[in-house]
Amino acid sequence: MDAPLLSITALHKSFGPRPLCIDASLAVQAGERIGLIGDNGTGKSTFLKMVAGLEPADGGTVSLRSGVRVALMPQATHFSAATAGEVLAEPFAAVQQAIADYERAAVAQQDVDDALARIEGGGGWDWQRHVERAASLVGMTDLSAEVARLSGGQKKRLAIGRLMLERPDLVLLDEPTNHLDTETVEWLEGWLCQSGLADIVVTHDSYFLEAVVDRMAELRHGKLRTYEGAYSDYIAARASEEALEARSTARLTQLLKGEAEWASRAPKARGTKAQARLDRFAAGKASLAAAPKARVAASLAIQRGPRLGKTILELREVVAGFAATRPLFTPFDFKLQAGERWGIVGANGMGKTSLLRLVDGTLEPLAGQVVRGKNTVVAVFDQFRTNLRTDQLVQQFLVPEGGDTVFVEGAPVHVSSYLQRFAFPPQAHTLRISQLSGGEKNRLALAQYLLTPANVLLLDEPTNDLDILTLSVLEDALQRFTGCVLVVSHDRYFLDKVCTGIVAFEPAAAAATPPTLQTVQGDWSHYVKMQAKRVAAAQSASGSKKPQQRAKSAHVGQAPSVAAPAARLTHKEKLELAAIEAKIEAADAEVVACTAALEDPALWQTDAKAGQAAAANLKAAQKKSQRLFERWETLAAKADT
């Protein structure tokens, strides 16, 4: 086997009394794709920076194979250049300088060999063609676009384009899916899998991890642990570990109970054996104290506002935009019912955040009417967390008027106790917000948001930077919330777990026509299936021989190609098509049942093997559902010929 691209040995790093890495070791081979996860604040971003050479380690070594190029795409995208084209040209700064040097030397009739060598080594004379191709791949067609005017998703796509142009061997991606629309996320999955590059990806997006990585790594209690396989394999392995830890803790607790009873009898003579028992008692207590504790409260309460009235929210022929000549979408009718949770999806820059601003009243409609019920109380969670003041202390942020009490469901709770529900240890309560990691900042913003009494929650990209445990608890809290939820998110698992309906921005056929808003009852996966059916029906009605398939394109903005006509259905296939929708529904019901079984805590408390079997059953059920749906697509396409 060739030497690894990257070798990390005994790496350790601390910020003051806060250890991040204690003893991290890892080897990355060419083409290997590793997913890195861990709780917020455990040092994942710092770990990537140490690998990239941007952050010094306190000890240990980071070694790269000779000639290996590393490119890091951080969580936050900051650009010094003014336009998209200038950003994408940055990796070619050296070749641009070499071309300028060549032209000066040629005019002065001086030696041009050095300049020519630098030009060839830096990407060649046609570097602008590479820029244009990368811009096209990530959907940034306007190279003159001002960076300051780009949306969060457009900036992220621009960062991906620049990273591609750096021609790395090893890619380090820190929350690459933040702010990206679903189509671009799927394109990025395909690009990473097909590029042949090695990469280390920090993300909470479980669907992304499942699609991309072939090995998982977790930073936990300062140690770096690795697991072979995709995300689902990691989940099964961690479940076994947790079950073993729970049994070990229970045995240790029982042992300590017996030792404590003996110690309380205070024997007068402490012989060698007696002292050994006392030593064992002290060591057991220390071991139990060091055992992993619950990191985030098992459940979070969302403050309920007043009882919802008959009218909650209605959008009547509403159009949004920033100029009468530039509507963001065609007139939209929408009526919100009690208990509904709608996910808002669509490409970057289409107007998802603007739709939320229409609802909360910070943006007036260009046309139509927004009707809010007299009892409707809206709370907004914005994607950029603009309410966070980095100079404030963590505790001060929750009680800006002073005092030490917050109110949770009407009951007073000490602010320190409330912060610990969000996994902020006491020593973090007096830190400045600027000292927190990106995920910790998001968790703090969430802690404040959940203190706001409301009956309609508007959340703009709430999952960005959250660790998987906090994300799971948030999903559960939203599911139990008795009010209504409108959430903009790119996280497909989150949309599947939380949403009862999808509002989708769907592009019009003509480029000059604004998109339409399509509503579908059900979660994200159901929307994708319904969308495929509608596309198939539209293709059939227009006389096309086969519906377009929604696929990961090599180009973010490129429509999938239309395949050649298929043969007509045989009699056997007609019978199969007639029966397959019922089979799909049954398979989807099986997925729901397997998911419910896997989420039952009692399953893991009794037998870890039963939990592993349940996880395998869920994976098999999901594959069966997908296989049946793909078969339906094939048969439906043939039926249209």
Side-chain angles (χ1 to χ4, degrees), residues 181-183 185-186 189 205-208 210-211 232 332-347 350 352 355 459 463 471 475-476 478-479 481 484-507 515-540 547-552 560 577 579-599 617-637:
D181 56 69
T182 304
E183 184 181 3
V185 170
E186 292 180 347
E189 289 173 353
D205 189 326
S206 52
Y207 282 3
F208 187 88
E210 186 69 15
S232 56
F332 179 50
D333 281 312
F334 180 75
K335 186 174 183 179
L336 188 61
Q337 305 286 348
E340 290 182 331
R341 301 185 298 273
W342 289 87
I344 302 173
V345 301
M350 272 192 164
K352 301 184 295 295
L355 181 59
L459 300 105
T463 68
L471 187 53
E475 290 163 356
D476 178 66
L478 291 174
Q479 286 176 310
F481 182 58
C484 299
V485 178
L486 294 174
V487 54
V488 173
S489 181
H490 64 271
D491 190 319
R492 294 154 293 176
Y493 181 82
F494 179 84
L495 293 169
D496 274 342
K497 192 82 177 287
V498 169
C499 295
T500 62
I502 298 294
V503 177
F505 283 71
E506 296 185 352
T516 58
L517 296 184
Q518 178 74 29
T519 57
V520 175
Q521 294 285 346
D523 59 18
W524 164 257
S525 294
H526 180 72
Y527 161 73
V528 171
K529 291 180 180 180
M530 293 302 100
Q531 170 72 346
K533 287 184 177 181
R534 287 191 292 109
V535 170
Q539 290 287 329
S540 177
Q548 287 183 333
Q549 303 297 315
R550 188 179 189 280
K552 295 175 187 175
L577 178 60
I580 200 165
E581 289 200 25
K583 291 181 180 180
I584 291 173
E585 291 179 3
D588 287 346
E590 187 179 353
V591 170
V592 172
C594 289
T595 301
L598 196 61
E599 291 174 348
N617 289 341
L618 175 59
K619 194 169 185 178
Q622 290 170 331
K623 287 183 177 178
K624 180 181 178 182
S625 174
Q626 182 64 24
R627 186 172 61 251
L628 285 168
F629 181 68
E630 289 172 354
R631 180 60 176 162
W632 170 86
E633 286 182 314
T634 301
L635 294 173

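All values reported here derive from a predicted model rather than from experimental measurement. All heavy atoms count here, side chains included; hydrogens, waters and symmetry mates do not.
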With K583, which residues qualify under salt bridge (charged side-chain N to carboxylate O under 4.0 Å, His left out), at least two apart? none
With side chains defined as the heavy atoms from C-beta onward, is the minimum distance between [X] and [Y] less than 4.5 Å?
| X | Y | value |
| --- | --- | --- |
| E590 | N617 | no |
| F505 | D181 | no |
| F208 | D491 | no |

For D523, run the side chain to side chain contact (heavy atoms under 4.5 Å, CB included) check against L495, V498, D496 and tell me which one passes. D496
Taking only residues at least two apart or on different chains, which pairs with a member in residues 332-341 satisfy side chain to side chain donor-acceptor pair (under 3.5 Å)? E340-W342
Candidate pair Q518 and M530, rule side chain to side chain contact (heavy atoms under 4.5 Å, CB included), full reasoning: CA-CA 11 Å; Q518 178 74 29; M530 293 302 100; over 6 Å; no
Which pair of heavy atoms, one from [X] and one from [Y], lies closest together, and at what distance?
| X | Y | value |
| --- | --- | --- |
| L336 | L486 | CD1-CD2, 4.5 Å |
| K352 | V345 | CD-C, 3.6 Å |
| C499 | V487 | SG-CG1, 4.0 Å |
| A338 | C484 | CA-SG, 3.8 Å |
| H526 | V520 | CD2-CG1, 3.9 Å |

Apply salt bridge (Lys or Arg N to Asp or Glu O under 4.0 Å) to the pair R492 and E210, showing each step before the final yes or no. CA-CA 12 Å; R492 294 154 293 176; E210 186 69 15; over 6 Å; no
Any residue meeting side chain to side chain donor-acceptor pair (under 3.5 Å) with E475, in chain and number order, not counting sequence neighbours: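 Side chain to side chain donor-acceptor pair (under 3.5 Å) check on E475 returns K497.
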How long is the gap from CZ on F494 to CG on L459, to the nearest 0.5 Å?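 F494 CZ to L459 CG: 6.5 Å, rounded to 0.5 Å.
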Roughly how far apart are Q531 CD and W524 CH2, rounded to 0.5 Å? 8.5 Å
Tell me whether the rings of F334 and F332 are parallel (<30°), tilted (30 to 60°) or perpendicular (>60°). parallel
